[in-house]
There are 2 protein chains.
Amino acid sequence: MERQRVSIFDVARAAGVGVATVSRVLNSSPRVSPTTRARVEAAIEELGYHPSRLASGLSKGRQDMIAVLVPFITRPSVVSRLEGVIEVLDKSGYGTTLYSVASLSQRDRHLEYLMDRHASVGVIVISIPLSREHIASFRANGVQLSLIDTAGEDVPHVVVDDRVGGALAGMHLIGLGHRRIGFIGDEDLSGLGFASSYKRLTGLEDALVSFGRSLDRELIRLGPHGATTAKEMADDLLRLGNPPTAIFAASDTQALGVLRSAQANGLKVPDDLAVIGFDNLEVASIFNLSTIAQPLFESGVEGAQRLLCQLEGREVEQVKKVLRLELHARATTIRSAVGPMGTGLQRQLSAYV
Amino acid sequence: MERQRVSIFDVARAAGVGVATVSRVLNSSPRVSPTTRARVEAAIEELGYHPSRLASGLSKGRQDMIAVLVPFITRPSVVSRLEGVIEVLDKSGYGTTLYSVASLSQRDRHLEYLMDRHASVGVIVISIPLSREHIASFRANGVQLSLIDTAGEDVPHVVVDDRVGGALAGMHLIGLGHRRIGFIGDEDLSGLGFASSYKRLTGLEDALVSFGRSLDRELIRLGPHGATTAKEMADDLLRLGNPPTAIFAASDTQALGVLRSAQANGLKVPDDLAVIGFDNLEVASIFNLSTIAQPLFESGVEGAQRLLCQLEGREVEQVKKVLRLELHARATTIRSAVGPMGTGLQRQLSAYV
DNA sequence: GTGAGCTGTGGAAGCGCTTCCACAGCTTGA
DNA sequence: TCAAGCTGTGGAAGCGCTTCCACAGCTCAC
C-alpha cells in the first residue's frame, strides 16, 4: 500500500549522474555545472523527491534542528516570547521543535535528550534556569545555547531587570502617595526555580527602602499563577483590618484577578485601591491596566537571532543583553475622567537606559 | 573539543556481546537472557550511552516522532488544546514537534515535509482545515492523522458543533427578550479557511429564524481576531442609530473587547447591553462573562489519544467525536445583585446530548 | 539415538544520505 | 610541449542503528 520512497539514488539514475552530484545540488555546492544542475533539478521535480532529514542528519553527524524549551505554555507572556522565536526560526531553514517543561524531571529528561548533536544543533531555553553543569554539558557536546528570560554564565542571554521593574512599580505607587502596598506573586511549586516574581518583590522593597520604609510581610501573598488564585489572594488581602491601598501584581494576569477582587468587594479603582501589573499583555491595554511593560515578543526574536548567529559561527556581540522595561501608568493607578476602565489619562514613562 | 559519541558498538564491546544483542536490549525484545540483559544495561549505564534517534529512525524507515500542526499559538483556545495534546504525548514515548502555521504557504510547506515517515509517524492537526488531497497523501505515505477542531473524511476527528453553539447563544439572548442582536467575529485573512466563527454566526441565525426573525446584516462585524479590534467593532456597532441590545462575540477574547466598549460608552451590562462569548476561558469566569463553554483541553487529550490508538494499530472506535457544548449564563447576560462583574447568579445549562 | 524445534546470540546487510578520494579532461605558464 | 593545476564528476566508505539470517547448544518426543 505505502508507496516506495524516492531516494537520492533514484534521482541520480533518472538524471544520469552519480549520487554525489545530486547531493551537491541539494546542498547547493558551487562545484556543479549549470547543465548538470538543471538536469538534476528536473529529475527531482519529476520524481517528487524529498531528501530525508534523517539520513542527512546521520550522515552529517548532526540534525539541522533547533529545540525550544519552554515552561507553562499557558502563560501569555511565554507564548509571546515563543511567538518571537518561531517568527525568526521559521525562516531560518532549521526545523523547530518545542519541548514543554512543567516539572524538574521533565526538564532533566528533555535536557538530557537535547544535549546531543543528533537531536539538535542548538537549543533556546525560555525562562528556565539552567545549572552550571547543564551548560557545561551542552558545550561539551557542541550544542549551541541561547537563553531568554534566564541567565547563564558565558551563554548569550536576553533578560530584563525584574528587580528594577519591581522598583519602578513601587516608586510609581509611592509617588502617588501609597503607604500600604500589597504584593501578589508566584509561588514556585514546580521546583524549577523561577525567580522573576521574587525579584520583582525585591524591587518593590528597594523602592520602599529608598523612601525610608520597609516591606510589610503581612501584605504579601504568593500562590500558583493564575487570575483566579490571584483574585482569592487579593480578597484575602482586602479583608485585612488595615488593607493595602495599592497592590502590585507580578503579572497582568494576576492583576486582572486583583481588579476583579476590588470590584467584587465594592472598591473603586484607583481611588480605593490602585493596581499595577507586569508584562503589558493585550488585556492590560484593553482594561487600561497600569503595568510595567517588557518586550516579550522581541525577547523571543532576539534570543532566536542570537542562536542563529552562533550557528553561523559568528560571535554574539553582547553576551548579556538587557531589554528595556517601561512604566505604563494607566487608569488603575491614576485617576481619570472615565474611571478605572475608562479611556482616561494614559502616560508612558520610559524606565531606564 | 567535542567528545566522541558513544555508539552501540562501544556498548557491545564493553558488555562483550554483539551489537544485535544491545539493540535487542534497547528495544526490550524478549529474546535476551536476563544475565546478558543485565551486562548490557550495566555497560550502557557506565558509558553514559544514549541511542541516536536519527540512526534508529533511518534504520527502521520511520522516525518515532509525532508532529502537531497549530495555527496562531497566540489564541488561548489553541493553547489549551495544545496543552491537552502535550499532556498525553509527553508520556507516550514519542517525541513531539510543534509546527506553527500562520499562512497558506507555511501550511503547505509543513504538510509537505510531514507527509513522510522519516519526519513523523503521526500528525495531529489543530483547527486547520485539510483538503481531501492532503488527507490522501498522508494515507499514501502511511502517516497517521488525528484532527482536532476540524473535520476530515474517514479521519478521526474531535469537534464541537459550532453551529449549535451559536444557536445556544442566540436562544439564550432571544429568551431574555433581546430583539436586536449583534455579532462580532473573525475575518479569515490567512486564507486557511477557519470556519468556526462563521458557523457560530449561522447558529445565531438558526435561533433567530426559529423565532420567526432574521439576521440583521447591519449588526454583524467581522475583523481580525483580538480584544482590541473587537472593542473597535463594538464601538462601531454601539454608535449605530439603533444599536443592538445584545452582542454575541465569537470568542471570549472578543467578548472582553465588547465589554470594554460598553464601559467606555457608559453602557451598563447586562441592562443596556448583554454580552455573551464563546470558549469559557479563564477570563470568562473571572469577569463573570456569559459564554458557550467548549472542552478545549479535553479536545487536545482526546485528539492525542486517538492518534496513539491508531499508532498501536487499533481502530478508533468513533471516527467523528463530537464534544459537548454548554451554556454558562453569567452576569453579562443575566441581571444580578452585584452587577456585570459581580458574583451574581450563575447558571449552567447543559446544552445537548 | 536422532531429527525437529526451541532459545539466545552474532555477523552483516542495508536505511539514505554526505564527503573523501580518485580521476578524466581541461587550461595555463614556462 | 609538458608538468602543474584547475573543474566537474563518480565510486565508495561510513554515519549508528535494526533486523534478517545463520548457527550453536539445548530439550524433547518418538
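Since the structure is predicted, the reported quantities are computational estimates derived from the model, not experimental observations. Each chain gets a letter, A, B and so on, in the order the sequences are listed, and its residues count up from 1.
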A/Leu58 CG to D/dC15 P, in whole Å, measures 9 Å
Ignoring hydrogens and geometry, is there a side-chain-to-backbone donor-acceptor pair from B/Ser23 to B/Val19 under 3.5 Å? no
Give the minimum heavy-atom separation between A/Ala151 and A/His157, together with the two atoms involved. CA-CD2, 3.7 Å
Write out a two-atom table: protein N or O, nucleotide N or O from nucleotides 4-7 of chain D, distance below 3.5 Å.
| residue | atom | partner | partner atom | Å |
| --- | --- | --- | --- | --- |
| D/dT7 | OP2 | A/Arg31 | NH2 | 3.4 |

D/dC15 C1' sits how many Å from A/Asp116 CG, rounded? 13 Å
Integer-rounded Å distance: D/dG16 P and A/Arg117 CZ: 12 Å
Is the phosphate of D/dG8 approached by A/Thr36 (side-chain N or O, under 4.0 Å from OP1 or OP2)? no
Please give, in whole Å, the distance from D/dC15 P to B/Gln4 CD? 9 Å
Value in whole Å for how far the P atom of D/dG16 lies from CG of B/Asp10: 9 Å
Please list each protein N or O that sits under 3.5 Å from an N or O in nucleotides 17-22 of chain D, with the distance.
| residue | atom | partner | partner atom | Å |
| --- | --- | --- | --- | --- |
| D/dC17 | OP1 | B/Tyr49 | OH | 2.7 |
| D/dC17 | OP1 | B/Ser52 | N | 3.4 |
| D/dC17 | OP2 | B/Ile8 | N | 2.7 |
| D/dC17 | OP2 | B/Tyr49 | OH | 3.4 |
| D/dC17 | O5' | B/Tyr49 | OH | 3.1 |
| D/dC17 | O2 | B/Ser59 | OG | 3.0 |
| D/dT18 | OP1 | B/Asn27 | OD1 | 3.3 |
| D/dT18 | OP1 | B/Asn27 | ND2 | 3.0 |
| D/dT18 | OP2 | B/Ser23 | OG | 2.5 |
| D/dT18 | OP2 | B/Asn27 | ND2 | 3.4 |
| D/dT18 | O4' | B/Ser59 | OG | 2.5 |

Who are the side-chain contact (heavy atoms from CB on, under 4.5 Å) partners of A/Gln310, not counting sequence neighbours? A/Gln144, A/Ser146, A/Pro156, A/Leu307, A/Val316
Residues at least two apart in sequence or cross-chain that pass side-chain contact (heavy atoms from CB on, under 4.5 Å) with A/Leu189, listed by chain then number, are A/Glu187, A/Pro224
Separation between CD of B/Gln63 and CG of B/Leu54, rounded to the nearest 0.5 Å: 6.5 Å
Which residue pairs pass the ring pair (Phe, Tyr, Trp, His ring centres under 6.0 Å) test with at least one member in residues 91-123 of chain B, sequence neighbours excluded? B/Tyr99-B/His110
Would you mind reading off the bend of the helix from C/dG1-D/dC30 to C/dA30-D/dT1 from its two end axes, five pairs each, to 10 degrees? 50°
